[in-house]
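In what follows, chains carry the letters A, B, and so on, assigned in the order in which the sequence lines appear, proteins first and then strands, with residues in each chain numbered from 1. Predicted, not measured: the structure shown is a model, and the values here were computed from it.
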Amino acid sequence: MIDAVWRLESAKIVAALTRLVGDVGLAEEFSQDALVAAMEQWPAEGMPGNPGAWLMSVARRRAIDHIRAERRHDRTHEQLAHDLRHDDDDHEHDRDDTLRLMFLSCHPVLPPPARVALTLKLLGGLSTAEIARAFLTGEQVIARRIADAKRTLAEHRVGFDLPGPDEAADRLASVLEVVYLIFNEGYAAASGDDLMRPGLTLDALRLGGMLAEAAPRPEVWGLLALMEIQASRADARTGPSGEPIPLHEQNRGRWDRLRIRRGFAAMLRARELGGPPGPYLLQAAIAVCHAQAPTAEETDWDRIVSLYELLVRLTPTPVVRLNRAVAVGMARGPQAGLDRTDDLTADPALRNYHLLPAVRADLLLRLGRAEPARREFLRAAALADNAAERAFLERRAADLPAEEPTGATLGPAVAEFLAGLAGPTARSYGQTLKRLRTALGEQTPVAEPAPAEVARVATAAWHGTAARTWNRHVAALRSFFTWAGRPELVAELTRRPEPPPEPRPAAPAWRDTEAALRERALWWLLRESAAPVTRVLALNVEDLDLADRRSRTGITWRSRTAALLPDLIGDRTRGPLFLSGRRPAPARAPAESDRCPHTGRRRLSYERAERLFKLATGHTLSDLKSQD
Amino acid sequence: MRYLMLSLADENTPAPDERLFAEMGAFIEEMSAKGILLATGGLEPGGLRMTSSGEEFTVTDGPFTEAKEVAVGFALVEVRSEDEVLELARRFRRIVGDGVSEIRRVQ
């Protein structure tokens with residue numbers, strides 16, 4: 001019961017206290033004090049008549065005591081009394097404070113995951129444990145993320161003022177983005193086994209409503225409309241076994257008319273305010289088009305295409321362009337849609353995005369090209385993170401007749417090619433060819449791709465990398481296709497001139513590699529600390545003072561390392577910081593001090609660390625100290 | 001989860017006054033803005049009743065004297081827990097005064 005009160009009231013309380021004490025961390029502390037007091041007193045004395053006001057007054061009392069103690073010396077009591085005399089049952093005031101708190105918790109100095117966590121904590125009234133559950137991560141990770149965020153806000157002296165006119169638009173955009181991120185995390189659970197986490201969807205709707213009340217701008221109403229209409233399809237968008245049902249196949253009878261109506265109402269509010277439509281309003285308008293169509297066939301695709309054209313002009317992101325391709329495919333036929341996806345396949349941002357091959361598969365299928373469609377479905381399945389979605393895409397592929405491939409297909413060919421190579425080369429080439437397999441599809445016959453396609457894959461994957469890295473990938477492709485009897489495929493890929501080895505320092509290739517978290521953390525730590533490799537590898541989790549960015553063993557680091565460490569540590573509380581990738585065989589159990597008490601894994605060895613760096617960059621770890 | 005809250009009244013329930021209207025208006029506004037209150041409304045005390053038995057349908061006009069308490073208002077809310085709906089009901093009852101609310105989860 002106290003939890004329920006807290007969820008409904010905490011935003012208001014934390015916001016009012018932040019204005020009072022000027023520090024969001026302190027404000028939250030005092031609010032939590034009030035919550036604890038409630039848990040102690042309410043069960044014994046019964047719940048007060050107005051629980052929200054009770055919590056607010058206890059929290060305010062704590063805050064005022066604190067301020068008195070702080071200011072005893074330089075302020076008279078009269079002044080103080082004057083400063084504190086905002087009697088806050090004023091609705092306007094509350095709204096204003098809530099808005100300020102939203103701007104604060106979505107401040108651009110914070111990384112987006114921190115904005116999300118802080119917003120849910122301060123404005124959604126969620127506990128750290130609830131946030132951790134919603135994001136499928138450890139409680140300590142979230143606790144640390146929130147603590148770091150508060151510290152960052154304090155360090156940057158971010159005030160509780162509303163942003164000035166020059167930055168208001170950007171700051172509001174950041175708030176909207178955070179709310180929509182939360183919504184999507186709930187609505188389209190990106191990873192994990194469930195397709196939806198309805199709790200977060202609801203939290204986002206509440207935050208959106210709060211925001212619309214406090215800052216009634218067209219884009220805010222637009223976002224609210226968009227979320228309401230998307231949420232209206234929640235029941236209709238998954239089938240009995242959790243598989244996703246595409247919009248045009250959903251049973252519209254299961255759409256929640258109540259939510260749709262709320263969405264329309266929000267849309268009207270946005271339109272009444274006028275002005276040129278922003279990205280959320282346009283997306284909401286598209287959602288309205290779908291919601292208004294009595295059947296999928298009656299959808300006004302021409303209007304949707306023109307809305308997407310406007311949206312692409314405002315936010316030309318690859319995902320928006322992909323959605324436009326879908327709309328074009330509906331309005332003007334599958335070939336027109338497919339043509340619109342062609343330039344997207346070369347876009348690096350989409351190289352791991354499963355919906356691109358899924359969309360292409362649908363369009364190919366409508367064109368009657370079953371075999372390429374089947375392969376695109378398989379590619380999409382290989383890229384999907386969500387279990388239900390992956391299974392669905394695999395089923396779509398399995399529903400199509402598999403054509404007997406003419407000659408060797410890519411997957412087995414690559415495996416055979418790699419099997420004939422020596423260990424290190426096989427590993428290095430394997431990296432390159434894995435990308436090729438995901439991009440072109442395991443079951444694509446080797447005889448099929450055109451040179452342009454291979455060039456497109458290479459460009460999408462490695463265009464931005466250093467010359468040395470690019471050349472390594474090109475060499476791997478050339479070697480494979482020559483072996484496979486199709487050397488012409490790589491004729492267009494040319495080596496880039498590498499910077500001469502002397503004078504050093506050369507391009508810092510290690511920053512560009514797609515290394516794993518552990519490697520990046522190790523490399524940045526070596527780089528920023530300039531400490532000897534062995535001392536860095538000897539670090540234990542319990543030695544670290546993340547807040548002070550130093551270890552008890554005297555190693556210090558800076559922001560890049562600091563950003564990576566929390567995720568590297570995860571829920572671990574002690575044991576070696578850098579762990580080897582595998583558990584040791586029972587016969588080779590490491591010494592207690594080199595064994596992680598959480599995972600049983602061994603401390604990363606110097607030899608292995610050196611080798612990984614050499615493989616990735618061709619350098620030795622000690623180079624990290626001197627390289628720029 | 002969604003709940004339907006019904007507020008019941010009998011002949012002793014006082015008629016709403018201006019203060020109640022104002023407080024209720026603010027409460028409804030707040031809860032709608034939060035996205036919690038999805039729909040609400042008052043209900044006429046009597047109404048119609050239809051009884052079916054096989055092919056036979058009988059319509060009767062209210063009020064129905066056998067019922068002591070009748071639903072006079074409803075609210076459809078979307079909440080995260082049963083605790084939350086109870087807290088809402090508590091706030092609601094504090095505004096309308098003594099009486100009974102029925103709370104049913106929409107399945």
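For the pair Arg91(B) and Pro51(A), the minimum side-chain heavy-atom distance is 4.5 Å or more.
In this structure, Asn251(A) places its CG atom where more than 12 heavy-atom neighbours from other residues, nucleotides or ligands lie under 6.0 Å away. Environment of CZ in Arg90(B): crowded, with over 12 heavy atoms of neighbouring residues, nucleotides or ligands closer than 6.0 Å. Within 6.0 Å of the CD atom in Gln41(A), the count of heavy atoms belonging to other residues, nucleotides or ligands exceeds 12.
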(request) Let me see the working for Arg2(B) and Asp256(A) under salt bridge (charged side-chain N to carboxylate O under 4.0 Å, His left out), right down to the final yes or no. (result) CA-CA 12 Å; Arg2(B) 284 184 181 178; Asp256(A) 186 340; 2.4 Å; yes

(request) Please test Arg7(A) against Asp83(B) for salt bridge (charged side-chain N to carboxylate O under 4.0 Å, His left out), starting from the C-alpha separation and ending with a verdict. (result) CA-CA 11 Å; Arg7(A) 260 185 197 273; Asp83(B) 275 353; over 6 Å; no

(request) Check step by step if side-chain contact (heavy atoms from CB on, under 4.5 Å) holds for Arg94(B) and Asn50(A). (result) CA-CA 9 Å; Arg94(B) 248 170 40 89; Asn50(A) 186 342; 3.9 Å; yes

(request) Using the side-chain contact (heavy atoms from CB on, under 4.5 Å) rule, take Glu78(B) and Arg259(A) through it: C-alpha gap first, then chi angles, then the decisive distance, then the call. (result) CA-CA 11 Å; Glu78(B) 170 113 51; Arg259(A) 285 231 177 276; 2.5 Å; yes

(request) In sequence, state the C-alpha distance, the side-chain angles, and the governing distance for Glu30(B) and Arg206(A), and then conclude on salt bridge (charged side-chain N to carboxylate O under 4.0 Å, His left out). (result) CA-CA 11 Å; Glu30(B) 185 192 344; Arg206(A) 283 194 190 177; over 6 Å; no

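Interface remark: Arg80(B) contributes backbone and side-chain atoms alike to the contact with chain A (heavy atom separation under 4.5 Å). Proximity to chain B (any heavy atom under 4.5 Å) is restricted, for Glu9(A), to the side chain, taken from C-beta onward. Residue contact with chain B, scored on non-hydrogen atoms closer than 4.5 Å, is absent for Leu207(A).
In this structure, Lys34(B) contributes its side chain and Leu205(A) its backbone to no donor-acceptor pair below 3.5 Å. Proximity of a side-chain donor or acceptor of Arg262(A) to a complementary backbone N or O of Ser32(B) within less than 3.5 Å is detected.
Minimum interatomic distance between Leu202(A) and Val79(B) (heavy atoms only, all atoms of both residues): CD2-O, 3.8 Å.
For the atom pair CD (Glu84(B)) and CG (Leu8(A)), the distance works out to 5.0 Å, reported to the nearest 0.5 Å.
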